[in-house]
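Structure, as structure tokens:
In what follows, chains are A, B, ... by sequence order, proteins preceding strands, each numbered from 1.
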Amino acid sequence: MATMAVIDFETTGLSPNRGDRATEVAVVLVENGKPVRRYQSLMNAGVNIPGRIQALTGITNDMVAAAPAASAVMREVSDFVEDFPLVAHNAAFDQRFWDAELARVKRNRRQEFACSMLIARRVLPHAPSHKLGELAAFAKLPATGRFHRAQADAEMAAQLLAYMTKLVQRDYRIRDVDHDLWCRVQRTPVGALQQVLADY
DNA sequence: TGCCAGGCCCTCTTTAGGGCCTT
């Protein structure tokens, strides 16, 4: 099975278009559902972190002030990710920050994102919520650390993906559940998974 | 203090509105 890169950003807010910046990034490279390499770093973008965000993530202005420059971290994590296809929970969010922070170091994204939240809505339609933490509890996944820290959330998203991989392998007898299949799943209309995967 | 964005998805829909997710 090809390698996938599960990524998570912590940021100062929701929108890079409104000046929000990344404060931490973590990537877990997974093969056959198992983590094989990890990258994590706080990053200093030289901007203030609002108090409510510091309370949410536990990442303070002092922590980020002592961290490497955002530009250096983005070059490093971009080299780490290479061309591996990306996965994130609510990937539209992480994709916006990945693209925006890469653009600041004159780089471009070279691969597609799959979204574990869109996949979970289809594979786990009866979960009470599709928040990462709620899905982790629903699937009884082992704890990875403090929620809303990049490393813990990337590890949890990787575990969730492995959990959903096993379900699809079991229910549809598809041996090689790869990134292309996940992209197909997230484009599948909600409720139509069985029809779409039955003949895969 | 409360809000901000953007895309998906459902419904009391499609000439729209609002909840869910991410920080």
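- In summary, the side chains of A:Ser78 and A:Arg107 do present a donor paired with an acceptor at a separation below 3.5 Å, with no hydrogens or angles considered.
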Between the protein and nucleotides 5-7 of chain B, list the N/O to N/O atom pairs that are separated by less than 3.5 angstrom.
unit_1: B:dA5; atom_1: OP1; unit_2: A:Arg18; atom_2: NH1; d: 3.2
unit_1: B:dG6; atom_1: OP1; unit_2: A:Asn17; atom_2: ND2; d: 3.1

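- Checked against B:dC9, B:dT22, B:dT23, the side chain of A:Leu118 finds its nearest nucleotide in B:dC9.
- In the hydrophobic cluster analysis, where Ile, Leu, Val, Met, Phe, Trp and Tyr join through side-chain heavy atoms closer than 4.5 angstrom, A:Tyr39 is grouped apart from A:Val87.
- Between the P atoms of B:dC3 and B:dC20, the separation comes to 15 Å (whole Å).
- Residues A:His148 and A:Thr57 bring no donor and acceptor atom of their side chains to less than 3.5 Å of each other.
- Rounded to whole Å, the separation between the P atoms of B:dC8 and B:dC12 comes to 22 Å.
- Within 4.0 Å of A:Asp20, counting heavy atoms only, lies no atom of the nucleic acid at all.
- Going from the C1' atom of B:dG6 to that of B:dT23 covers 13 Å, rounded to whole Å.
- Contact annotation: A:His89 does not reach the phosphate of B:dC21 (side-chain N/O to OP1 or OP2, under 4.0 Å).
- The main-chain N or O of A:Phe84 is found under 3.5 Å from a side-chain atom of A:Gln111 such that the two form a donor-acceptor pair.
- Closest to the A:Leu132 side chain, of the nucleotides B:dC9, B:dT23, B:dT22, is B:dT22.
- Spacing between B:dG19 and B:dT13 at atom C1', rounded to whole Å, works out to 15 Å.
- Note on A:His130: every side-chain N or O is 4.0 Å or more away from OP1 and OP2 of B:dC20.
- Among the heavy atoms of the strands lying under 4.0 Å from A:Thr57 are primed sugar atoms or P, OP1, OP2 only; no base atom is included.
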